[in-house]
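All chains are named by letter (A, B, ...) in the order of the sequence lines, taking the proteins before the strands, and each is independently numbered beginning at 1.
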Amino acid sequence: MSINYIDELNDSQRAAVLYDNGPSLVIAGAGSGKTRVLTYKIAHLLEVGYEPWSILSLTFTNKAAREMRKRIEKQVGERARYLWMGTFHSIFSRILRTECEALGFPSSFTIYDTADSKSLLKSIIGEMQLDDKKYKVGAVQSRISNAKNHLILPADYGRDAETKQVDAANQMSAIGEIYSRYWQRCRQAGAMDFDDLLVYTYKLLFEHPAICKKYNERFRYILVDEYQDTNFVQHQIVQLLTKENNNICVVGDDAQSIYSFRGANIDNILKFKAIYKEARMFKLEQNYRSSQNIVGAANSLILKNREQIRKDVFSEKEEGELISLDAAYSDVEEGEIVANHIHRLHTREQESYADCAILYRTNAQSRIFEEAFRKRSIPYQIYGGLSFYSRKEIKDVIAYFRLAVNSADEEAFKRIINYPTRGIGKTTVDKITSAARTSQVSLWDTITNPQQYHLELGNAALKKLAAFQEMIMRFMADLEKEDAYTLAIRVLKESGIIKDMGKSDLPENLSKRENVEELVSAIHDFVETRQEEGDPHVGLVDFLSDVSLLTDQDTKVDDDVERITMMTIHAAKGLEFKNVFVVGLEQNLFPSQRCLDSFKALEEERRLFYVAITRAEQRCFLSYAKCRFKYGKTEFSNPSCFIADIDSRYIQPSAPAGFKRAETASRSFGSKKSATPLFEKSLPPRFKKVATTSRTTALPKGDVEQQSGIVVGQVIEHERFGLGDVLKVEGTDENRKATIAFRNVGTKQLLLKFARFKIIG
DNA sequence: CCGATACGCATTTTT
DNA sequence: TGCGTATCGG
């Protein structure tokens with residue numbers, strides 16, 4: 001087996017692949033074959049003598065890791081199995097499981113997900129008797145997470161001047177104390193949250209030179225994908241792991257850094273060469289995905305960003321269609337316009353629905369498109385929303401597993417102590433909690449030795465607790481004996497979950513049962529796969545350590561049916577579609593208004609738009625609405641400033657009839673608005689009701705007649721439906737209605753009393 | 001312990 | 001506006 005580097009790689013890809021002597025930075029423009037380079041590079045390393053287990057490659061998603069492993073398998077076969085390949089979190093949790101005794105953690109430590117960590121923070125805020133209106137759990141959580149990402153531990157937190165200042169400004173000066181307690185409580189519970197997996201890995205390597213050395217010797221070559229999305233602590237860990245061999249290859253695209261709100265630090269990639277002084281830089285600039293027009297448009301857009309590594313992305317594909325730009329009057333009309341486009345593509349161009357994607361800035365925007373598609377029976381699929389593993393029923397079941405594996409797990413305990421209902425109410429739980437706090441032991445220990453920890457409860461309550469405790473003990477006893485699947489079934493039966501869920505046949509209950517069944521079958525699959533791989537005992541412990549790091553992205557969606565994909569732009573990163581619709585291009589939506597005051601944030605939004613456009617292979621459609629229903633109100637806005645950032649020669653100049661008018665109209669409207677920002681809240685004068693029969697001051701009939709005097713053949717411009725031709729006018733006075741054929745929304749009957757429109761001609 | 005009702009909040013979310 | 005959660009009362 002030999003790799004044909006000449007035929008399968010272009011010059012710059014080949015150079016990046018073959019360079020294996022010291023650190024390198026691969027700047028991979030959108031669609032430039034980044035994964036190809038990574039897989040070939042690993043194949044090359046194997047060919048020149050690296051053992052598979054001495055190569056570590058880190059990704060951000062399980063999906064990316066799986067796909068890469070699959071592709072490498074195709075090239076090098078069996079050996080791919082022994083590569084260290086996975087997400088930062090999964091690889092580090094694996095290391096931590098073997099080494100964490102050095103940190104004072106049990107190897108069976110629990111991983112707290114965001115919900116667990118929120119719940120713990122809530123308890124702490126309550127215990128400290130802080131005002132939970134001032135100390136919002138989410139805000140506190142993100143402050144702590146931010147500190148961890150910057151390796152500021154509780155002991156240093158108060159000392160950090162900037163941190164202190166920010167917290168004081170937000171009237172949350174107790175955050176440091178909350179952080180300390182949270183840190184302590186996680187330790188007591190034998191739990192790490194997602195950030196801890198990184199922080200403790202760093203601590204492990206930094207404070208234990210022998211362990212650091214061991215892993216430096218193990219990993220002789222390290223590759224990191226999506227380097228633009230790494231945060232400070234990830235960057236530090238990578239540095240610790242590479243300090244002996246200095247063999248590192250990072251791949252990324254600064255232009256696609258869109259996760260700074262999660263701590264991603266674009267400087268890691270921008271300043272890579274400052275840290276690894278002798279690093280070689282390779283630029284992959286040929287885009288194999290998109291037409292020349294799309295690449296040109298994206299380039300012209302990103303050129304407006306100041307902070308970036310210059311590159312000349314080019315395409316040798318066909319020139320392709322120009323980018324289409326549609327101005328809609330309202331969010332509803334935008335939905336109709338997009339649906340019309342897709343309908344046209346489907347019937348006239350034989351495009352599959354599966355080749356079309358709607359990309360938006362916020363999840364809330366999906367609804368209008370759903371309605372438009374449903375109306376036309378166009379199949380669609382929405383990505384995002386509640387993930388499988390964060391559903392209540394799934395978390396409840398898993399909490400049983402967690403408590404059996406790690407009895408100190410406080411969040412798991414609280415979740416299931418009275419689920420299914422076993423008569424252990426809030427008062428009892430409060431007593432357990434305070435007894436546990438006083439003695440500094442876990443909730444579990446407290447109910448195991450109630451008298452030792454002064455748990456003052458009635459006999460009935462004690463009896464119920466003992467029964468609960470015995471049940472969990474039975475599961476604990478069999479952790480080693482039984483496989484995950486068998487034990488999971490027993491947990492479901494003996495805990496009474498199955499009985500509880502069988503109680504009602506309400507649709508939501510049915511779906512809960514389905515979900516639990518899906519979980520059980522996932523456990524079954526897990527056990528079988530591991531057994532096939534030669535693992536003699538696959539217990540719940542193993543399942544748990546795997547499942548905590550899974551996300552929605554890992555649950556498969558059946559793609560047998562051809563349907564339109566709808567998702568946020570963030571979710572679309574790394575994907576590609578023949579036809580892409582980027583919608584809601586309005587000021588205050590995209591870019592989001594929270595970004596307008598910060599230069600850095602605005603550039604990130606622009607990168608987000610860049611990511612959106614570069615998902616398209618052949619056609620890219622942009623659209624915006626002049627008004628949009630938001631929080632129960634109609635809000636008006638201007639087209640996104642990003643539209644003007646695209647060189648106009650890439651944009652289809654001749655919009656269909658009506659659009660030009662809309663353009664000019666919105667522009668003149670816009671100039672007014674920017675002069676007086678208050679104005680956007682009120683209804684613009686041109687959309688005053690034509691026929692006003694206000695409740696308080698009813699106009700005389702004659703006036704109504706005159707004002708609502710629209711006649712067949714006229715063209716009107718409606719506030720939400722846009723341009724339309726008057727087909728018919730009937731009825732008198734208050735019941736007067738008109739039938740209007742709107743150009744983009746179809747024919748509608750409007751009661752003139754309520755209709756907001758103006759007569760154009 | 002559940003249901004009704006009120007209240008507040010409302011980007012993006014790889015792990 | 002519309003949802004998810006918090007709280008109170010039966």
Side-chain angles (χ1 to χ4, degrees), chain A residues 58-67 86-93 111-119 122 126 132-133 136-139 141-142 145 148-149 192-199 201 225-231 233-234 252 256-264 331 359-365 367 383-387 389-390 392 418-427 504 546-554 567-575 584 588-596 601 604-605 607-609 611-612 628-635:
Chain A
L58 296 166
T59 60
F60 274 83
T61 63
N62 296 304
K63 198 173 149 209
R66 262 199 312 270
E67 268 159 26
T87 64
F88 281 89
H89 292 81
S90 73
I91 296 284
F92 295 163
S93 75
I111 297 170
Y112 274 178
D113 67 14
T114 2
D116 294 319
S117 118
K118 270 208 171 99
S119 151
K122 217 168 128 191
D132 61 1
K133 297 235 158 46
K136 303 241 179 69
V137 183
Q141 188 180 40
S142 85
S145 172
K148 286 182 178 174
N149 285 161
M192 296 192 195
D193 65 21
F194 290 138
D195 300 320
D196 289 335
L197 292 173
L198 307 175
V199 171
T201 300
D225 192 12
E226 307 277 16
Y227 202 70
Q228 75 281 356
D229 291 334
T230 52
N231 61 30
V233 54
Q234 286 166 327
Q256 293 182 64
S257 164
I258 55 174
Y259 279 104
S260 78
F261 67 94
R262 292 179 54 112
D331 45 5
L359 307 183
Y360 34 75
R361 176 70 241 261
T362 68
N363 286 117
Q365 290 166 257
R367 242 179 48 196
Y383 286 73
L386 198 59
S387 100
Y389 291 101
S390 55
K392 186 188 175 297
N418 199 32
Y419 173 79
T421 324
R422 44 176 76 86
I424 302 173
K426 192 176 176 295
T427 349
S504 105
D546 216 64
V547 83
S548 324
L549 296 173
L550 287 185
T551 60
D552 208 35
Q553 311 259 317
D554 303 309
M567 56 170 83
T568 62
I569 302 167
H570 283 90
K573 198 178 142 206
L575 306 178
N588 294 339
L589 179 64
F590 191 15
S592 142
Q593 70 210 105
R594 298 161 124 97
C595 302
L596 291 176
E604 175 148 326
E605 291 281 293
R607 291 194 292 269
L608 191 60
F609 189 29
V611 168
R628 171 178 301 279
F629 211 56
K630 237 187 202 170
Y631 309 144
K633 268 195 202 121
T634 303
E635 292 204 350

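Summarising the geometry, the separation between CD on A:E226 and P on B:dT15 is reported as 12 Å, rounded to the nearest angstrom. Taking atom CD1 of residue A:I111 and atom C1' of nucleotide B:dT15, one finds them 9 Å apart after rounding to whole Å. Between the C1' atom of B:dT14 and the CE atom of A:M567 lies a distance of 13 Å, rounded to the nearest Å. Computed from coordinates, the A:N149 CG to B:dT13 P distance equals 18 Å when rounded to whole Å. Between the P atom of B:dT14 and the NZ atom of A:K63 lies a distance of 11 Å, rounded to the nearest Å. The distance from atom OH of A:Y383 to atom C1' of B:dT12 is 19 Å, rounded to the nearest whole Å. As a whole-Å value, the separation of A:F261 CZ from B:dT15 P is 13 Å. Between A:R66 atom CZ and B:dT15 atom P there is a gap of 9 Å when expressed in whole angstrom units.
By the ring pair (Phe, Tyr, Trp, His ring centres under 6.0 Å) test, A:Y112 is found to be paired with no residue, residues two or more places apart in sequence or in another chain being considered. Taking the salt bridge (charged side-chain N to carboxylate O under 4.0 Å, His left out) definition, one finds that A:E226 meets it with A:K34, A:K573, sequence neighbours left out. Evaluation of the salt bridge (charged side-chain N to carboxylate O under 4.0 Å, His left out) rule for A:K133 yields no partner, not counting sequence neighbours. Checked against side-chain contact (heavy atoms from CB on, under 4.5 Å), A:A139 has the following partners two or more places apart in sequence or in another chain: A:K136, A:M172. Among residues two or more places apart in sequence or in another chain, the ring pair (Phe, Tyr, Trp, His ring centres under 6.0 Å) test is passed with A:Y259 by A:F261, A:H570. With sequence neighbours excluded, the residues forming a salt bridge (charged side-chain N to carboxylate O under 4.0 Å, His left out) with A:D196 are A:K148, listed by chain and number. Residues passing the salt bridge (charged side-chain N to carboxylate O under 4.0 Å, His left out) test with A:K392 are A:D396, sequence neighbours excluded.
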Please enumerate all protein N or O atoms sitting under 3.5 Å from an N or O of nucleotides 5-11 of chain B, with distances to 0.1 Å.
{"unit_1": "B:dT11", "atom_1": "OP1", "unit_2": "A:Y631", "atom_2": "OH", "d": "3.2"}
{"unit_1": "B:dT11", "atom_1": "N3", "unit_2": "A:R594", "atom_2": "NE", "d": "3.4"}

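With rounding to the nearest 0.5 Å, the separation of CG in A:L58 from CZ in A:F92 is 5.5 Å.
Considering only side-chain N and O atoms, A:N62 lies under 4.0 angstrom from the phosphate OP1 or OP2 of B:dT15.
In this structure, A:G425 and A:K573 both approach DNA chain B, and ranking their closest nucleotides by distance from the 5' end singles out A:G425. Along DNA chain B, the nucleotide nearest to A:R422 and the one nearest to A:D229 differ in position, and the one closer to the 5' end is contacted by A:R422.
With B:dT15, B:dC1, B:dT12 as the candidates, the nucleotide lying closest to the side chain of A:L549 is B:dT15.
Distance check on atom C1': B:dT13 versus C:dG2 gives 22 Å, rounded to whole Å. When the C1' atom is compared between B:dT12 and C:dT5, the two are found 23 Å apart, to the nearest whole Å. Taking atom C1' on both B:dT14 and C:dC3, the two are 26 Å apart, rounded to the nearest angstrom.
The residue A:Y259 sits close to a base: some heavy atom pair falls under 4.0 Å. Using a 4.0 Å heavy-atom criterion, one finds that A:D193 contacts no nucleic acid atom at all. Residue contacts shown for A:T421 are limited to sugar-phosphate atoms, with no base heavy atom under 4.0 Å away.
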- Worked check of side-chain contact (heavy atoms from CB on, under 4.5 Å) between A:H89 and A:L198: CA-CA 7 Å; A:H89 292 81; A:L198 307 175; 4.1 Å; yes

- Tell me, with the steps shown, if A:T114 and A:Q141 meet side-chain hydrogen bond (donor to acceptor under 3.5 Å, both in side chains). CA-CA 9 Å; A:T114 2; A:Q141 188 180 40; 5.6 Å; no

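For B:dT12, the base has no donor-acceptor partner in the side chain of A:R262 [N/O atoms by modelled type, under 3.5 angstrom].
Nucleotide B:dT12 carries an anti base; the chi torsion (O4'-C1'-N9-C4 or O4'-C1'-N1-C2) is more than 90° from 0.
In the 5' to 3' direction, nucleotides of DNA chain C lying under 4.0 Å from heavy atoms of chain A begin and end at C:dT1 to C:dA6.
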